[in-house]
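Heads up, the thing below is written out as structure tokens.
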2 protein chains.
Amino acid sequence: MNDRKQHVIEMAHQLFIDKGFQATSIQDILDYSGISKGTFYNYFSSKNELLIALFKLIYKKMEKNRNELLIGQNPSNIDIFIKQIELQLKTNRTNKLISLFEEVFFSNDPELKQFIKQGQLRTLRWLFQRFTDIFDDSKKPYLLDCAIMFMGILQQNLKYHELAHGSNHSVHQVVRYSVERIVRMVDEVAKSGDQLVQPELLENLLPDCRNTDQAFQQELYHTVLVLKKALNHREAQTKYMELLEFIQDELLHSKNPRKFLIESALLSFKTGQAAFAKKDVQKLDQLVESFFHQIEELG
Amino acid sequence: MNDRKQHVIEMAHQLFIDKGFQATSIQDILDYSGISKGTFYNYFSSKNELLIALFKLIYKKMEKNRNELLIGQNPSNIDIFIKQIELQLKTNRTNKLISLFEEVFFSNDPELKQFIKQGQLRTLRWLFQRFTDIFDDSKKPYLLDCAIMFMGILQQNLKYHELAHGSNHSVHQVVRYSVERIVRMVDEVAKSGDQLVQPELLENLLPDCRNTDQAFQQELYHTVLVLKKALNHREAQTKYMELLEFIQDELLHSKNPRKFLIESALLSFKTGQAAFAKKDVQKLDQLVESFFHQIEELG
DNA sequence: CAGTATTTATACTGTTGGTATAATATAATG
DNA sequence: CATTATATTATACCAACAGTATAAATACTG
């Protein structure tokens, strides 16, 4: 991404935060970022395109931060989950994301609408995956319902808690309360056996975009977490843990991931005698393969 | 309200349903309803003002329908509550209310924003009151929280259930499911004693507009319900029930409510030996008084 | 009928998002 | 260095928009 283009996005973001999306004219953006109209339309085909570019930036950052909180942690630890939620709410707030989202969701630009819908589905998928980390496998058929309801509960509680206590209200308390509610609800709903939406919905709605950057990251994180979870206490501190973290780090944060190192690490998993589920190891293998396939394709 | 003006509102509403609020230009409205620009700006000072007038119309109709479902029914019967919710969702849908709401909530018109906020608070207040009808008094401190969360749960469930099953999805199932969840949650949250927002919030935020029509209706309904609830089984079919329904009907649906009849009916309550709480009877008395005060003031 | 209020047609202002273009600056290439 | 793409600028332009202004026409009312 062009430096200058990035700069324009940032300046526009500032304006959006200050006065809202609709109320910010293109002329405002031109003045504030010091470019000419021609350049603007060279970068973005419309104001909506600029907004999409902005959303993409923020998404990327948020998912990165959110995932980093999990590294080396027990994924079923609910306190980590709470921290992740709080982090997202914080970036939401500083970026005025909610306002921007909703201000624009009912615009008549179908492309923009579709983009935002996808974004919401992605956060829902993330929530669902985290719930499967946190809750027992037997609860799984109900966890998508619970993820959906959790979004609603949290949203509303935040809204009215802020209304009651002003902008200096305690986000932490709201998150804790909402999580507490959903934890009880998971038990209750599983006991009653009542299901509203099948978890398969997600797979149908979110096209399999394994090769896009963000989806890949998410899948990788999740697969590594599942494998970590399979480690028993004795093994937890051993080489497997380290190997997993090495693979993850090398894939995500190294400029030139060393294929041979990662493949050798994978070999340890395939031949080792730790109690890994075969399919999880295969999943990781497949992810690594598709990763390098993509790298080589681009080069 | 002027006939012609009403007609313009209806035509505009149709256009909003067809192509959205933002996408409907004033010129569209002029053409479609066959009036001139001058007339339009004679009726409404802006497009937003027209929208507010439209909302007011729909609100009024919805609250009327919703309340009529309760007449002569046991207010703690949760099936009636479910029917009320379904009715509202139906009018929401035919009027494309949700879209209109959210399309406009983040507009930069503070007046419009405030109006919609008020509307949401009013439905929240209604929900809270209905919850106090349905649930035990001991749960009351938690019922505002539950009403807030119920709104979120219902909203999200509807959204994703529709996404999963297309527009021919069963609203009834979603409402039933959501109500089931909130019923359990009321128990759970009361047991844990965890409170997020105090019910007093409503009184602080909704200015005391006892003399406005809608607020009066709501209060009247509620007070009558409380009194009905206080009737035990033996008394339920007796004159008290009939008296209450007479008073309510006479106040709300008669063109010339007969003050002497109502006051005599009230006397029966004050002097009767049924187990009414004194304050409830007083509330009713006060409502009747303010009602006639307003009538005579206008005449 | 007279007088008032409402409605209409029309022209106008200022702003918006977006297009078009010719001139200029910057970078890449032989 | 000279030539050639490419990026950027300044500026003019367009159609659509919300809203204002006004003079003429119409309807209503006492």
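Below, each value reflects all heavy atoms present in this structure, side chains not excepted, and no hydrogens, waters or symmetry copies. Quick note on labels: first sequence line is chain A, next is B, and so on, each numbered from 1.
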Between K64(B) and E68(B), is the closest basic N to carboxylate O distance under 4.0 Å? yes
Got L124(B) and M151(B) here, is their nearest side-chain heavy-atom distance under 4.5 Å? yes
Atom pair CZ (F55(A)) and CD1 (I116(A)), whose distance is rounded to the nearest 0.5 Å: 4.5 Å
Below 4.0 Å from chain B heavy atoms, what is the first contacting nucleotide of DNA chain C and what is the last?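 First-to-last contact on DNA chain C, by the 4.0 Å heavy-atom rule, is dT7(C) to dT8(C).
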Sequence neighbours excluded, which residues qualify as salt bridge (charged side-chain N to carboxylate O under 4.0 Å, His left out) partners of D18(A)? none
Checking E162(A) now: which residues fulfil side chain to side chain donor-acceptor pair (under 3.5 Å) with it, not counting sequence neighbours?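 Testing E162(A) for side chain to side chain donor-acceptor pair (under 3.5 Å), a comparison that skips the adjacent residues, returns none.
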For N65(A), all residues meeting side chain to side chain donor-acceptor pair (under 3.5 Å), sequence neighbours excluded: none
For each nucleotide in nucleotides 7-22 of chain D, reading 5' to 3', give B when a protein heavy atom comes within less than 4.0 Å of its base, S when such contact involves only the sugar-phosphate, and - otherwise. -SB-------SSBB--
Does anything in residues 42-55 of chain B pair up under salt bridge (charged side-chain N to carboxylate O under 4.0 Å, His left out), and if so which pairs, sequence neighbours excluded? none
